[in-house]
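Lettering of chains follows the sequences in order, A, B, ..., and the numbering in each one begins at 1. Worth knowing before you read on, the calculation uses all heavy atoms, side chains too, and leaves out hydrogens, waters and symmetry mates.
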Amino acid sequence: MCGRFTIAPLVDLFDRFHVPERVSLTLPRYNVAPSQEVPVVIRDGNNRVALMQWGLVPSWTKDLATARKPINARAETLAERPTFRDSLRYHRCLVPATGFYEWKKEGAARVPYYLRLRSGDLFAIAGLFDTWRHPFGGELRTFTIITTAPNRTVSPYHDRMPAILRQHDEERWLEAGPLDPATLAGILAPCPDDVLEVYRVSPRVNSPSADGPDLVTKV
DNA sequence: CCAGACGTTGTT
DNA sequence: GTCTGG
DNA sequence: CCAGACGTTGTT
DNA sequence: GTCTGG
């Protein structure tokens, strides 16, 4: 699955995703955890960067306090899920990332590994977002990360991985409007085996309050 | 009809 | 909002 | 995802 | 054990 990621871009996020309007960002981040606010790319006329909280709250949610706020959506089933279906049609987004963590079960222990592109490049994870309106005003914008089957590089570590978009699919993903199931399956298929690399990192990443470049150091 | 759920992962 | 279960 | 809390009353 | 918070 994908429950932590990094966004520590070496290149300009706005240029990489063709966003004309600059907004202020608090980057880099080496340990983004659920519920935290990070930049995502949406299309609203032009591409735009919006800050959203990780954990989807559908627009029809009645009680924010008891809402589930799923951080992941399975690619294989999201078209059927009431929680994701509307977002899938009209609120797709890119989640910029430079890597993500997976915890591997090794006996009783859960050992963190870091996965990133061999190129070290910034990439886009397929995401969905929605806007929830407070009863007395104000908006909460949230997103979820789509997961897919692991490729051969990831499968020794985990049985799910984030849906990393091929660069030529990024613009199509942002376009509003329904996608037919075959197109969807193609876009959200696991990325090629040879683009990712994996190595073990310190369990200091376990604590959501930890941050800093040392978290992605090989151990 | 109304009430209640609406999610994923991992673990058992 | 929309679907499922009773 | 993991870490940390998990409670009430009354007093400050 | 299970829920909440980050």
Can you tell me, in whole Å, how much space there is between the [atom1] of [N] and that of [M]?
N	M	atom1	value
dC1(D)	dG7(B)	C1'	15 Å
dA5(D)	dA5(B)	P	30 Å
dT2(E)	dT12(B)	C1'	15 Å
dT4(E)	dC6(B)	P	15 Å
dG4(B)	dG10(D)	C1'	40 Å

Which letter, B, S or -, goes with each nucleotide of nucleotides 6-12 of chain B from 5' to 3', with contact meaning a protein heavy atom under 4.0 Å? BBSSSS-

Using 30° and 60° as the class limits, which term best fits the ring planes of Tyr101(A) and Trp103(A): parallel, tilted or perpendicular?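 Tyr101(A) and Trp103(A): tilted rings.
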
Round to the nearest Å and state the distance from [X] atom [atom1] to [N] atom [atom2].
X	N	atom1	atom2	value
Gln53(A)	dG5(E)	CD	C1'	11 Å
Asp211(A)	dC2(D)	CG	P	18 Å
Leu64(A)	dT4(E)	CG	P	12 Å
Tyr101(A)	dG6(E)	OH	C1'	15 Å
Lys69(A)	dG5(E)	NZ	P	7 Å
Asn31(A)	dA3(D)	CG	P	11 Å
Trp132(A)	dG1(C)	CH2	P	14 Å

Taking atom types as modelled and ignoring hydrogens, do the side chains of Tyr114(A) and Thr6(A) form a donor-acceptor contact shorter than 3.5 angstrom?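 Yes.
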
Which part of the nucleic acid, if any, lies within reach of Leu56(A) when heavy atoms closer than 4.0 Å are counted: base, sugar-phosphate only, or nothing?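 Contact class for Leu56(A): none.
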
Does the gap between the ring centers of Phe5(A) and Trp54(A) come in under 6.0 Å?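 Yes; Trp54(A) has its ring centre under 6.0 Å from that of Phe5(A).
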
Find the partner of dA3(D): check Watson-Crick (N1-N3 plus N6-O4 or O6-N4) and G-U wobble (N1-O2, O6-N3) distances, both under 3.5 Å, and reply none if neither fits.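 By the stated definition (distances under 3.5 Å), dT4(E) pairs with dA3(D).
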
Using the rule given for side-chain hydrogen bond (donor to acceptor under 3.5 Å, both in side chains), can you reason through Ser59(A) versus Thr131(A), listing the C-alpha separation, both sets of side-chain angles and the distance that settles it, and then say yes or no? CA-CA 5 Å; Ser59(A) 60; Thr131(A) 302; over 6 Å; no

Taking it one step at a time, do Arg152(A) and Asp194(A) satisfy salt bridge (Lys or Arg N to Asp or Glu O under 4.0 Å)? CA-CA 9 Å; Arg152(A) 286 181 216 281; Asp194(A) 58 0; over 6 Å; no

Side-chain donor or acceptor of Thr147(A) paired with backbone N/O of Asn72(A) under 3.5 Å: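 No, Thr147(A) side chain to Asn72(A) backbone: no donor-acceptor pair under 3.5 Å.
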
Would you say Glu37(A) has more than 12 foreign heavy atoms packed within less than 6.0 Å of its CD?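 Counting neighbours around CD of Glu37(A), more than 12 heavy atoms of other residues, nucleotides or ligands fall under 6.0 Å, so yes.
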
